[in-house]
Amino acid sequence: SEMCSGIEYAGQMHLWKDAEVHLPVLLRDGSLKWVRWGSRHGVQSPFFQGPCARLESIKERKWDRFSPRSVKIPIDRYMERDQKIKPYWVKATPGAVLQGLLATWGDEQRIYVVTTETPAEFQHVQPRWPRILEIEHAAHD
């Protein structure tokens with residue numbers, strides 16, 4: 001079963017099962033860029049297939065040829081599929097983002113959702129889980 005099945009952001013669903021789905025990527029200057037999500041199984045592509053990048057694989061430098069950049073994917077909630085392939089939606093805490101890996105090959109880019117071991121509370125759903133980052137909100141004067 002595929003991990004990282006979808007996100008909802010600003011009232012819109014972005015699901016892995018949809019063809020050529022794009023995800024929002026939060027750039028350092030605060031602007032949003034929409035990047036095509038992953039690479040389909042069975043489609044010829046220089047990119048790794050699937051929607052996810054395992055944190056362990058990144059640390060083992062398997063992604064190095066794609067000049068990987070760690071980026072933030074803003075979400076309102078995200079969806080996994082459980083063992084019965086039922087959608088399981090998790091509402092994000094305000095300000096939380098998914099960690100993404102931005103992969104570049106030539107002039108093409110793809111976004112992948114970074115995954116780690118599943119937290120105990122969600123072990124019943126999936127063995128792998130998206131890596132959630134809590135954004136620190138800078139205090140404004």
Quiz item: Which class fits the ring pair Trp37 and Trp16: parallel under 30°, tilted 30 to 60°, perpendicular over 60°?
Solution: perpendicular
Exercise. List the steps, then state whether side-chain contact (heavy atoms from CB on, under 4.5 Å) holds for Val113 with Leu23.
Key: CA-CA 10 Å; Val113 175; Leu23 292 184; 4.2 Å; yes
Exercise. Looking only at non-hydrogen atoms, find the nearest pair between Gly50 and His41 and report the distance.
Key: CA-NE2, 3.7 Å
Quiz item: In terms of hydrophobic clustering (I, L, V, M, F, W, Y; side-chain heavy atoms under 4.5 Å; direct or indirect links), are Ile132 and Tyr88 co-clustered?
Solution: yes
Quiz item: Stepwise, does the side-chain contact (heavy atoms from CB on, under 4.5 Å) test hold for Met79 with Arg77?
Solution: CA-CA 7 Å; Met79 190 244 284; Arg77 54 185 195 144; over 6 Å; no
Quiz item: What are the two closest heavy atoms between Val114 and Gly100, and how far apart are they?
Solution: CG2-C, 3.8 Å
Self-check item: Val90 side chain near Phe122 side chain, heavy-atom distance below 4.5 Å
Solution: yes
Practice problem: Provide the full list of side chain to side chain donor-acceptor pair (under 3.5 Å) pairs with a residue in residues 17-27, sequence neighbours left out, each pair given once. | Solution: none
Quiz item: Is it true that Phe47 and Ile111 fall in one hydrophobic cluster, defined by side-chain heavy atoms closer than 4.5 Å?
Solution: no
Quiz item: Can you name the salt bridge (charged side-chain N to carboxylate O under 4.0 Å, His left out) partners of Lys91, sequence neighbours left out?
Solution: none
Exercise. Anything under 30° is parallel, anything over 60° is perpendicular, the rest tilted; go ahead and classify His14 against Trp34.
Key: tilted
Quiz item: Are Arg128 and Glu56 ion-paired here, with the side-chain N under 4.0 Å from a carboxylate O?
Solution: yes
Quiz item: Strictly by modelled atom types, are Gln126 and Thr118 linked by a side-chain donor-acceptor pair under 3.5 Å?
Solution: no
Quiz item: Less than 4.5 Å apart, any side-chain heavy atom of Pro130 and any of Gln99?
Solution: no
Quiz item: In Å and rounded to the nearest 0.5 Å, what is the OG1 to CG distance from Thr115 to Leu101?
Solution: 11.0 Å
Practice problem: Return the minimal non-hydrogen interatomic distance between Pro74 and Ile7, and the atom names on each side. | Solution: O-CD1, 3.9 Å
Practice problem: For Asp29, look at atom CG and say whether over 12 heavy atoms of other residues, nucleotides or ligands are found less than 6.0 Å away. | Solution: yes
Quiz prompt | Stepwise side-chain contact (heavy atoms from CB on, under 4.5 Å) check, Leu32 with Tyr9 | solution = CA-CA 12 Å; Leu32 264 193; Tyr9 177 68; 3.7 Å; yes
Practice problem: Could you pull out the closest heavy-atom pair between Phe66 and Pro46, with the gap in Å? | Solution: CZ-O, 3.1 Å
Quiz item: Taking all non-hydrogen atoms of both residues, which atom of Ala92 and which atom of Ile75 are closest, and how far apart?
Solution: CB-CD1, 3.7 Å
Quiz item: How far does CD of Gln109 sit from OG1 of Thr104, to the nearest 0.5 angstrom?
Solution: 4.0 Å
Practice problem: Please tell me if the side chains of Arg61 and Lys59 come closer than 4.5 Å, counting only heavy atoms from C-beta onward. | Solution: no
Exercise. Consider only side-chain heavy atoms of I, L, V, M, F, W and Y, link residues closer than 4.5 Å, and tell whether Ile58 and Trp129 are in one cluster.
Key: no
Quiz item: Taking all atoms of both residues into account, what is the closest heavy-atom pair of Cys52 and Trp63, and its distance?
Solution: O-CZ2, 3.9 Å
Exercise. Quick one: pull up CG in Leu133 and NZ in Lys72 and give me the separation to the nearest 0.5 Å.
Key: 7.0 Å
Quiz item: If you round to the nearest 0.5 Å, how far is OG of Ser39 from CH2 of Trp105?
Solution: 12.5 Å
Quiz item: Just how far is it from atom OH of Tyr78 to atom CD1 of Ile73, taken to the nearest 0.5 Å?
Solution: 12.5 Å
Self-check item: Gap between atom CG of Leu55 and atom CD of Glu117 - 0.5 Å precision
Solution: 10.0 Å
Practice problem: Determine which pairs satisfy salt bridge (Lys or Arg N to Asp or Glu O under 4.0 Å) with at least one residue from residues 38-48, sequence neighbours left out, and list them in order. | Solution: none
Practice problem: Answer with yes or no whether the hydrophobic clustering places Val71 together with Val21; edges join I, L, V, M, F, W, Y residues whose side-chain heavy atoms lie under 4.5 Å apart. | Solution: yes
